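A short worksheet on the structure shown next.
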Amino acid sequence: MTENLTEVLFSQRTKTAVWVLLDPDSLATEKITQNVKSAEQGGASVFLVGGSFVSHDQFDKFVAAIKGVTELPVILFPGSSRQLSSHADGILFTSLLSGRNPQYLIGEQVMAAPRVIAMKLPAMPTAYLLIESGRTTSAQFVSNTMPIPHDKPALAVAHAQAAQLFGMQAVYLEAGSGAQYPVPPAIIKKVAESTSIPLIVGGGIRSTSEAVAASEAGAKAIVIGTAVEDRGGGFVKQIANAIADKEK
Ligand code: 1GP
């Protein structure tokens, strides 16, 4: 994949895309083929790979196994500089801008940068904003950062605008994997109205109505992890159909 990664990921029409997160710590190797194929058939357009806490050292093999069974873009969404693989098609080069922990603002990125360049991985500079979602998530705990309060859209907007001024090419609004509740549509809407860069929204989306609400509020991509692990590609299909119906 040699094109600009942002164009590749957001080339799709106006419709909100459904991306599926594959977390090496919760998806058994023997289930990769089945999960990837069923998500693909359901209408997923991108696979993200990563997790805030990956305890095993088979990350590279995990990415290679996914690449072996799909033609869709396989994009790293690393929780740390250890989660890199030359088998991927690109990387969300994230900075945890909502936090004030230098390790996740710039430290891990400095560790990763020489390897990302040596691997020739296309990178999309992405602002990662954690939004409070009911209980402490792994992302909050591991990063040791405070999320943005879910009833303070102005704070989310200011962070996203800072990202835009930095030249970042996407904003990822994250409730956290398995979040009690997803990013509120009011926050998505305010950020979408106040910035000109694409929004990725994920964490805690378990119903088609939540996915449609995120789409209507302005998400360009919705990321589903836990619900696909639990319910398979059929859930991706439900979401993709529901979004398409609303956009007709
Ligand atoms: C986490 O946004 C993703 O980074 C997906 O979250 O597992 O809750 O779908 P879920």
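Since this is a predicted model, take the numbers as computed values, not measurements.
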Expected output: side-chain [X] to main-chain [Y] donor-acceptor under 3.5 Å:
X	Y	answer
Ser133	Ala175	yes
Arg115	Ser81	yes
Thr6	Gln169	no
Asn101	Ser143	yes
Ser215	Ala211	no
Gln83	Gly51	yes
Lys37	Val69	yes
Glu132	Gly134	yes

Measuring from atom CD1 of Ile197 to atom CZ of Phe166, what distance do you get when rounded to the nearest 0.5 angstrom?
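Reported value, rounded in 0.5 Å steps: 11.5 Å.
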
What distance do Thr145 atom OG1 and Arg100 atom CZ have between them, rounded to the nearest 0.5 Å?
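Reported value, rounded in 0.5 Å steps: 9.5 Å.
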
From the options Ser52, Ser138, Ser55, select the one residue that forms a side chain to side chain donor-acceptor pair (under 3.5 Å) with Asp25.
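For Asp25, the side chain to side chain donor-acceptor pair (under 3.5 Å) test succeeds with only one of Ser52, Ser138, Ser55, which is Ser55.
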
Side-chain heavy atoms nearer than 4.5 Å, only ILVMFWY residues, links allowed to pass through others: does that put [X] and [Y] together?
X	Y	value
Ile188	Leu97	yes
Leu173	Leu105	yes
Val63	Val20	yes
Val18	Phe47	yes
Leu96	Leu48	yes

Side chain to side chain contact (heavy atoms under 4.5 Å, CB included) for Thr195 and Val157? Distances and angles first, verdict last.
CA-CA 8 Å; Thr195 55; Val157 164; 5.7 Å; no

Looking only at heavy atoms, what is the nearest atom pair of [X] and [Y], with distance?
X	Y	answer
Gly178	Thr226	N-OG1, 3.7 Å
Leu76	Ser85	CD1-N, 3.5 Å
Ile205	Val223	CD1-O, 4.4 Å
Leu130	Ala139	CD2-CB, 3.8 Å
Ser207	Phe235	N-CZ, 3.7 Å

Would you indicate whether the side-chain heavy atoms of [Y] and [X] approach each other to under 4.5 Å?
X	Y	value
Leu129	Val171	yes
Pro184	Ile131	yes
Ile75	Leu5	yes

Result of checking Pro125, Pro78, Ser95 against Gln109 for side chain to side chain contact (heavy atoms under 4.5 Å, CB included)
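Exactly one pass, corresponding to Ser95.
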
Which of these passes side chain to side chain contact (heavy atoms under 4.5 Å, CB included) with Phe93: Val116, Leu121, Thr126?
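For Phe93, the side chain to side chain contact (heavy atoms under 4.5 Å, CB included) test succeeds with only one of Val116, Leu121, Thr126, which is Val116.
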
Ring pair (Phe, Tyr, Trp, His ring centres under 6.0 Å) partners of residues 170-212, not counting sequence neighbours, each pair once:
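Counting only pairs at least two positions apart or across chains, the ring pair (Phe, Tyr, Trp, His ring centres under 6.0 Å) contacts touching residues 170-212 are Phe77-Tyr172, Tyr128-Tyr172, His150-Tyr181.
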
Evaluation steps, side chain to side chain contact (heavy atoms under 4.5 Å, CB included), between Leu9 and Val46:
CA-CA 8 Å; Leu9 296 182; Val46 169; 3.8 Å; yes

The criterion is ring-ring contact (aromatic ring centres under 6.0 Å, His included); which residues satisfy it with Tyr104, sequence neighbours excluded?
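Residues passing ring-ring contact (aromatic ring centres under 6.0 Å, His included) with Tyr104: none at all.
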
Could you walk me through whether Lys15 and Ile243 pass the side chain to side chain contact (heavy atoms under 4.5 Å, CB included) check?
CA-CA 8 Å; Lys15 185 162 104 97; Ile243 290 172; 4.2 Å; yes

Within a reach of under 6.0 Å around CZ of Arg231, are more than 12 heavy atoms found that belong to other residues, nucleotides or ligands?
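Yes, enclosed.
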
Stepwise side chain to side chain contact (heavy atoms under 4.5 Å, CB included) check, Val183 with Glu174:
CA-CA 7 Å; Val183 177; Glu174 170 73 278; 5.9 Å; no

Side chains of Glu40 and Thr70: is there a donor and an acceptor less than 3.5 Å apart?
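Side chains of Glu40 and Thr70: pair found under 3.5 Å.
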
Looking at Lys67 and Asp89, does any basic side-chain N land under 4.0 Å from a carboxylate oxygen?
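Answer for the salt bridge query: yes.
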
Charged N to carboxylate O under 4.0 angstrom, Arg206 versus Glu210?
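Answer for the salt bridge query: no.
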
